Number of protein chains: 2
Amino acid sequence: VSAGKDVYGDRSSDAPPQPFFRSRWVPAPAHVRELGLDSGLPGGFRAAGVTCGIKPSGNPDLALLVCDAENPVSAARFTATAVPAAPVLLSKERCRLDGLRAILANSGCANAATGKRGLEDAAKTQGAAAAALGLDPSAIAVASTGGISDYLPVDSIVKGILTAHKQLRREGDADLQRAIQTTDAFEKRASLEVQLPSGPVRLSAQCKGAGMISPRFATMFCFVQTDAALTPETADLLFGVCVKRSFDRASVDGQLSTNDTAILMSSGSSGVSIAPESEDELRFGEALDALLRQLAIMMVADGEGAARIARVVVRGGDLDGAEAAARAVANSPLVKAALHSGDPNWGRIVQSVGGALGGRPGFAAPLAVDLTLEGIHVCSAGAAIAYDEDALASALQAKEVEYEIELGGGGSIHAETEVFFSDLSHEYVSFNADYHT
Amino acid sequence: VSAGKDVYGDRSSDAPPQPFFRSRWVPAPAHVRELGLDSGLPGGFRAAGVTCGIKPSGNPDLALLVCDAENPVSAARFTATAVPAAPVLLSKERCRLDGLRAILANSGCANAATGKRGLEDAAKTQGAAAAALGLDPSAIAVASTGGISDYLPVDSIVKGILTAHKQLRREGDADLQRAIQTTDAFEKRASLEVQLPSGPVRLSAQCKGAGMISPRFATMFCFVQTDAALTPETADLLFGVCVKRSFDRASVDGQLSTNDTAILMSSGSSGVSIAPESEDELRFGEALDALLRQLAIMMVADGEGAARIARVVVRGGDLDGAEAAARAVANSPLVKAALHSGDPNWGRIVQSVGGALGGRPGFAAPLAVDLTLEGIHVCSAGAAIAYDEDALASALQAKEVEYEIELGGGGSIHAETEVFFSDLSHEYVSFNADYHT
């Protein structure tokens, strides 16, 4: 994939800017206004991104984000892997995750599969950031992304922290963004104004992720800031729900990373407080939900080499079965290859559903599957039906394609789930096979 | 992939023949002798393969296999999918699977997702074969492979059955083989002589499969014949165990087909009877096991575009966990891309194990995974250790690569499982994305 291109078209710096909310699946909420990407962070936040020498390319690789508020509130979510990286272990075990004051993030090295030394290295960099910022180490989350099994270059990072500290500024979010990217072809960043009944608040986010993007929330960083005042409980509740509806529903390649980290921080500097179960909370939640869903779809659209993305919606059966079917479709290399070429080979979708549900209680064979692609009904109760083949072929050329699956059969429980996923391209193979690490 | 090539080298017709047992993972049993591929079927069997016009290419697409014994014995296994194709449903529901006298198989059309009409079409072709052979329809299994959602061209097949019937002969196995292949790059066929304590018997097989090859036994046909006399119980027991240890452990792309069919038929014409729990049964079972394992590995080696194949062995934990970890490694596009290029990027293997076991009871994070590649220990208790990087890079250039994973942790149960799998290549994407069906 060419740098600066995504499935929506030209994203290079000299192309006209696209709106942030550009997926058909995420309508921009009426009370949310997109701000320019040079409008800086919400009040109370400063950021920096520098080159400290982790990446051989000399690209930026170390980021610092600080909240200057007296009593910041935060919420965090991490990878569900059984082999979490050292920074994930350290952040989960040693940090006050509901009151974080800073994030230290690096790209170019995941500090994963590094054992005791990896934990010690992560703690050293956390300590250096704490000393520079005059904070307790437990207030600083650490996050790393890059190659697995390499050790952190601690000395370089400590020097980089001093440089980054001097460069912290309201407008530092673009630098932070560049410093957390790895194989990302374009930036995933937003700056929004949200009109709440109690007044306007700001919401911004910086996000990275292109490969090793998976079920159960993607290989990624997402850092979100707001100047709204949230209680720890509200922050955790809203962020948890929105992560489940966004990154948790995205898959590039079904691969769960060792390092996924998503953190929401609230400075409260707008003076607008979000009371539990208020109209403010509802509206703020809608904005956060749209923000994270659009970012998740952008990660899928940046899936290494993606030319086309899809949303699969599965209805019927119990939730475990619907989930298994949706994941099976989203992670099927045959379905993904057909998506890539716009091939109306829908038998592969039925095959992947059957493979996932074979032998599962409540889904006796033959399953009465219904399949609709871009609104065109092609399979009813498990059997092909007549449809307009030209219309289907044409509809599958879209950049965003929708599959709807009804599992059929009896039972009173009717689950519904969705997964966003990318295609399987030559570029994905090139990214992941044609170079040596 | 070039026709006639596989991971083991040149397979074109003018290349010197390779031994059938050519994988390091399947030593040829001492009591088994490979016969020439022109030696014909065991006594009591005849076969034919013809072109009846299903495939637009004009390649052979219809096969007939007949056992002329008075009381043949058979055993069969089918796909575990929730959306089985019509021929699978018909064979399972209408045939005497322990006493089959014939198999009617076609390529070029899977007769899957075809509903009631598909079942009726399959029954018509079964009826036509029964009439031609003078047999009851319940003695004839039907098997189809090819595109999903197309209807069988019944008239062409009925005509083809008459042609095939006239061509039935002992030496028809090569024709049968050609008529069941689809994207296979080379034939998967064997003719063996097995020395049993009670005397020599013959064992032959014809097998197809290259893509949509999956867990829980692969997208494939495998037809096995022997002139040994087996009881129905022994045939079912031995065949069931050997299928579990072979096709059930093979994965090209994690995709479970709608049409998998494996059938063992015994004519008894050698006069050598296999008594239950006898030394004959043990030796016959060893030969059948080696035959099916080598065929399964050949299918993986023919995985659309495969340049390299691997065996992952997982030890420790409970069987479900070990199985999940082995499948996750075998089906990870990141692991498969690294396998393809011989990249010593073993962090991807650890990542895929962690992704599979995250949140699973008994596998608390961080998991103390050990990883050994081609005998080189690279990761101990979840952390990288020092090893000879040049030796590893060189070892990973082999055509067959072995990964050994110890899950570590406590617990007294120590499962062990294995999966054979192929790499992810540009050719796989080309096969499955660059053409339109």
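These numbers come from the heavy atoms of this one structure, side chains and all, not from hydrogens, waters or symmetry mates. Just so it is clear: chains get the letters A, B, ... in the order the sequence lines come, proteins before strands, and each one is counted from 1. Quantities reported herein were computed from a predicted structural model and do not represent experimental measurements.
- In this structure, the side chain to side chain contact (heavy atoms under 4.5 Å, CB included) partners of Lys244(A), at least two apart in sequence or on a different chain, are Asp248(A).
- Residue contact with chain A, scored on non-hydrogen atoms closer than 4.5 Å, involves the backbone and the side chain of Leu367(B) alike.
- Looking only at heavy-atom pairs under 4.5 Å with chain A, the residue among Ala85(B), Ala113(B), Ala365(B) that has the most is Ala113(B).
- Within a 6.0 Å radius of CZ in Arg360(A), more than 12 heavy atoms belonging to other residues, nucleotides or ligands are found.
- Taking all atoms of both residues into account, the shortest heavy-atom contact from Ser149(A) to Ala384(B) is O-CB, 4.0 Å.
- Val83(B) and Gln351(A) make their closest contact through CG2-CA, 4.4 Å (heavy atoms, listed as atom of the first residue, atom of the second, distance).
- Around atom CD of Glu120(A), more than 12 heavy atoms belonging to other residues, nucleotides or ligands sit under 6.0 Å away.
- The nearest pair of heavy atoms linking Pro84(B) to Pro366(A) is CD-CA, 4.1 Å.
- Of all heavy-atom pairs between Thr114(B) and Ala383(A), the closest is C-CB, 3.8 Å.
- If you take CG on Asn331(B) and CG on Asn331(A), they are separated by 10.0 Å, rounding to the nearest 0.5 Å.
- Heavy-atom distances place the side chain of Leu89(A), and not its backbone, under 4.5 Å from chain B.
- Contact of Val369(A) with chain B is made through the side chain alone, with heavy-atom distances under 4.5 Å.
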